[in-house]
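Below: the structure, in structure tokens.
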Amino acid sequence: MRLCVCLVLLSFTLCASADMLAGGRFVWDAVGGAWDMFRAYRDMREANYIGADKYFHARGNYDAARRGPGGAWAARVISDARESWQGDASGRGAADTLADQEANAWGRSGGDPNRYRPAGLPSKY
């Protein structure tokens, strides 16, 4: 919840210094990008498929970044915050965090998320 509030406040700050139409579009893209990230996370939890983590990271970032600069910004902020928290709390280590960030960057740059898709993952995802 705090992350959403921070996103909204930062978006308002950016809008105040930019053209209102462009700023509004940025905010709209950022909200949509946050939704894309949530949807990928929800699908990952639902699939509960071993080895699919990187695919869902790449897919969420890919979908968000396709919305435009606001979506790419939201994907970067959410991914960095999640990896920072997960790196501290999960105990998985730096190697896992680095691999997750690689998948995040791949998706944000427009790379095909299927690069990380594990064999056998249901086609629903």
Side-chain angles (χ1 to χ4, degrees):
M1 185 65 184
R2 275 188 257 156
L3 180 59
C4 290
V5 171
C6 290
L7 287 172
V8 169
L9 291 176
L10 187 55
S11 296
F12 285 141
T13 303
L14 290 172
C15 288
S17 63
D19 176 32
M20 286 307 289
L21 185 58
R25 182 67 192 172
F26 182 89
V27 171
W28 186 255
D29 290 346
V31 169
W35 173 253
D36 291 332
M37 296 293 288
F38 171 74
R39 197 179 64 219
Y41 176 75
R42 184 189 61 204
D43 287 348
M44 179 178 70
R45 301 287 294 182
E46 179 184 303
N48 195 27
Y49 197 86
I50 295 174
D53 179 48
K54 307 302 180 264
Y55 166 73
F56 288 107
H57 278 270
R59 195 193 85 186
N61 278 272
Y62 176 82
D63 291 345
R66 288 190 57 182
R67 290 182 179 272
W73 174 81
R76 187 178 61 252
V77 169
I78 292 168
S79 295
D80 290 347
R82 180 174 186 268
E83 291 308 320
S84 176
W85 175 82
Q86 187 178 20
D88 296 339
S90 75
R92 290 185 181 163
D96 186 62
T97 296
L98 186 61
D100 285 349
Q101 287 290 40
E102 178 188 323
N104 294 336
W106 177 261
R108 268 195 311 274
S109 70
D112 185 4
N114 288 314
R115 172 184 182 180
Y116 296 99
R117 185 182 189 88
L121 181 67
S123 60
K124 173 183 177 182
Y125 305 109

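Predicted, not measured: the structure shown is a model, and the values here were computed from it.
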What one should report as the nearest heavy-atom pair of Gly68 and Asp29 is CA-OD2, 3.9 Å
May I have the step-by-step check of side chain to side chain contact (heavy atoms under 4.5 Å, CB included) for Arg45 and Arg42, ending in yes or no?
CA-CA 5 Å; Arg45 301 287 294 182; Arg42 184 189 61 204; 5.9 Å; no
Would you name the heavy atoms of Ala40 and Gly60 that are closest together and state the gap between them?
CB-CA, 3.6 Å
Please report the interatomic distance OH(Tyr41) to CZ(Arg82), rounded to the nearest 0.5 Å.
6.5 Å
Looking at residues at least two apart in the chain, or sitting in another chain, which of them share a side-chain contact (heavy atoms from CB on, under 4.5 Å) with Ala64?
Asp36, Met37, Ala75
Run the numbers on Tyr125 and Phe56 for side chain to side chain contact (heavy atoms under 4.5 Å, CB included), then give the verdict.
CA-CA 9 Å; Tyr125 305 109; Phe56 288 107; 3.9 Å; yes
When rounded to the nearest 0.5 Å, the distance separating CG of Asn61 from CD1 of Ile78 is 9.0 Å
Looking only at heavy atoms, the pair that brings Arg108 and Arg76 closest together is NH1-CA, 3.6 Å
Check the angle between the aromatic planes of Phe26 and Trp73 and answer parallel, tilted or perpendicular using the 30° and 60° thresholds.
tilted
For Tyr55 and Pro118, work out which heavy atoms get closest and say how close.
CB-CD, 4.1 Å
Can you tell me if CZ on Arg117 sees more than 12 non-hydrogen neighbours from other groups inside 6.0 Å?
yes
Would you list the pairs meeting salt bridge (charged side-chain N to carboxylate O under 4.0 Å, His left out) in which at least one residue belongs to residues 51-61, sequence neighbours left out?
Asp43-Arg59, Lys54-Asp96, Lys54-Asp100, Arg59-Asp63
